[in-house]
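The structure appears right after this line, and notes come after that.
Just so you know, these numbers use all the heavy atoms, side chains as well, and skip hydrogens, waters and symmetry mates. Numbers here simply count residues along the sequence, with the first being 1.
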Amino acid sequence: MVGHQECIMKKDIRDNCTPKFRHKTLTAPAPFADEISCQCQAPHEKLTIAQARLGTPVDRPVRVYADGIFDLFHSGHARALMQAKTLFPNSYLLVGVCSDDLTHKFKGFTVMNEAERYEALRHCRYVDEVIRDAPWTLTPEFLEKHKIDFVAHDDIPYSSAGSDDVYKHIKEAGMFVPTQRTEGISTSDIITRIVRDYDVYARRNLQRGYTAKELNVSFINEKKYRFQNQVDKMKEKVKTVEERSKEFVNRVEEKSHDLIQKWEEKSREFIGNFLELFGPDGAWKQMFQERSSRMLQALSPKQSPVSSPTRSRSPSRSPSPTFSWLPIKTSPPSSPKAASASISSLSEGDEDEK
């Protein structure tokens, strides 16, 4: 029974210590401390850094406080808050933002007013709660009111309000946890860039519709900036025309190269075809020779047959001798009877031919 009552008491302590808005941090802006009805009423035992890093106590998160001006909220601010949030396994990050009056008094003029700076912090994912009008120097009463376990800030001594280090008493109490600054980015660096390039940004805003009065620019400077804007526009147009002309020239060159290459290919093909047709071993010569031979054959007379056509003879009869058209040399007849006998033999041969 006693154990059950202790569990109920611990649950009540956790509920009272953890604000109802905490689970909405990633889906809604972080709440303001003065708007949270449920204040932390749990017994607040002092923790050491070693205990907090072990994850104790289990009945509540470690409450870490980080403060600052947070003007022109940038990545350096976000990284510092991320380090403060992840110092311990279970932590609840409270962020204090100083008001305009305190900031202008101890540090200087800000670009963003206090309402804008409060809203910027509310929308940082690492922030669980925002304390408006935070004190410049932390007092025991303030630490006790918000049940703060540790204060997170960079370790560089912060001299202000007549003190060499406004966190000196926090360090002596063992409640200070250092974080690392992000090099290359700060509010002062951003303002320096704007001041250095003032003319550029003034001309930029004139182009966007801001008046010279809103920019606190004199009449002469306004005319100068507007004239410079016109000159820049002309330069941009000339640059655009040059780029387009270069593109056109490049396209023409590419097309001319393509045309020349195609012409060379076609000319080689034409020459090859011409040589194939009219060359020494070309088709034209062969065709000409064939036609010439045909014409010669057509114009030349047919030769007389060398031998007479074969006639059917009896098997016992021997083939007739072949007669040649060449003249036959014969010896003169020795007597008139021999001459008549030779003539009769020739006449018999003619009849056989017929």
Are Ile190 and Ile185 packed together at the side-chain level, in the sense that at least one heavy-atom pair is separated by less than 4.5 angstrom? yes

Apply the hydrophobic cluster definition, ILVMFWY joined by side-chain contacts under 4.5 Å directly or through others, and give me every member besides Phe227. Val231

Would you check if the side chain of Thr179 reaches a backbone N or O of Gln83 as a donor-acceptor pair within less than 3.5 Å? no

Just wondering, do Arg268 and Ile271 contact through their side chains at under 4.5 Å, heavy atoms? no

List the steps, then state whether salt bridge (Lys or Arg N to Asp or Glu O under 4.0 Å) holds for Arg122 with Glu119. CA-CA 5 Å; Arg122 290 186 68 195; Glu119 285 298 319; 3.2 Å; yes

Quick one: list whatever passes ring pair (Phe, Tyr, Trp, His ring centres under 6.0 Å) with Phe150, sequence neighbours left out. Phe88

Should Met112 and Val127 be counted in the same cluster of Ile, Leu, Val, Met, Phe, Trp and Tyr side chains packed under 4.5 Å apart? no

Verify side chain to side chain contact (heavy atoms under 4.5 Å, CB included) between Thr110 and His104, making sure each step is shown before the conclusion. CA-CA 7 Å; Thr110 58; His104 298 167; 3.5 Å; yes

Mind checking the OG1-CZ spacing from Thr48 to Arg53? Nearest 0.5 Å is all I need. 10.0 Å

Validation row: Lys85, Val64 side chains within 4.5 angstrom (heavy atoms): no

Testing Arg60, Arg63, Glu129 one by one against Tyr92 for a side chain to side chain donor-acceptor pair (under 3.5 Å), which residue passes? Glu129

In this structure, OH of Tyr158 is separated from OG of Ser163 (nearest 0.5 Å) by 11.5 Å

Among Ile, Leu, Val, Met, Phe, Trp and Tyr joined by side-chain contacts under 4.5 Å, find the other residues sharing a cluster with Tyr198 and list them by chain and number. Leu206, Tyr210, Leu215, Val217, Tyr225

For Phe73, which residues count as a ring pair (Phe, Tyr, Trp, His ring centres under 6.0 Å) partner, sequence neighbours excluded? His77

Where the side chain of His169 meets the backbone of Leu138, is there a donor-acceptor pair that is under 3.5 Å apart? yes

Just wondering, do Tyr167 and Asp67 contact through their side chains at under 4.5 Å, heavy atoms? yes

Asp197: which residues meet the side-chain hydrogen bond (donor to acceptor under 3.5 Å, both in side chains) condition with it, sequence neighbours left out? none

As an exercise, state the distance from NZ of Lys145 to OG1 of Thr139, rounded to the nearest 0.5 Å. 9.5 Å

Salt bridge present between Lys107 and Asp71 (N-O < 4.0 angstrom): no

Can you tell if the side chain of Ile170 reaches within under 4.5 Å of the side chain of His153, non-hydrogen atoms only? no

Distance from Asp189 atom CG to Ile194 atom CD1, nearest 0.5 Å? 11.5 Å

Mind checking whether Ile148 and Phe142 have side chains closer than 4.5 Å, heavy atoms only? yes

Leu72 reachable from Tyr118 in the ILVMFWY side-chain graph, under 4.5 Å edges: no

Please check if the number of heavy atoms outside Arg132 that lie under 6.0 Å from its CZ is greater than 12. yes

Under 3.5 Å, which donor-acceptor pairs do the side chains of residues 236-247 form with other protein atoms, sequence neighbours left out?
unit_1	atom_1	unit_2	atom_2	d
Thr240	OG1	Glu236	O	2.8
Ser245	OG	Val241	O	3.2
Ser245	OG	Glu242	O	2.7

Is there a side-chain contact between Thr103 and Glu114 in this structure, where contact means two heavy atoms from C-beta onward sitting under 4.5 Å apart? no

For the rings on His146 and Tyr65, is their centre-to-centre separation under 6.0 Å? no

Would you indicate whether the side-chain heavy atoms of Leu121 and Leu81 approach each other to under 4.5 Å? yes

Under the ring pair (Phe, Tyr, Trp, His ring centres under 6.0 Å) rule, collect the residues that match up with Tyr201, sequence neighbours excluded. none

Is the count of non-hydrogen atoms from other residues, nucleotides or ligands lying under 6.0 Å from Asp164 atom CG greater than 12? no

Could you tell me whether Asn216 atom CG has more than 12 heavy atoms of other residues or ligands within 6.0 Å of it? no

Go through the structure and list residues passing side-chain hydrogen bond (donor to acceptor under 3.5 Å, both in side chains) with Asp100, not counting sequence neighbours. Arg117

Could you state the interatomic distance from OG1 (Thr182) to CE (Met82), rounded to the nearest 0.5 Å? 8.0 Å

For Glu222, all residues meeting side-chain hydrogen bond (donor to acceptor under 3.5 Å, both in side chains), sequence neighbours excluded: Arg226

Would you please name every residue forming a side-chain hydrogen bond (donor to acceptor under 3.5 Å, both in side chains) with Ser99, sequence neighbours left out? Asp133

Supply the atom-to-atom distance Glu141 CD to Glu144 CD, rounded to the nearest 0.5 angstrom. 9.5 Å

Other members of the hydrophobic cluster containing Phe109, with the 4.5 Å side-chain heavy-atom rule, please. none

Test question: given the 4.5 Å side-chain rule for I, L, V, M, F, W and Y, name all other residues clustered with Met234, or answer none. none

Under 3.5 Å: donor-acceptor pair, side chain of Asp154, backbone of Gln180: no

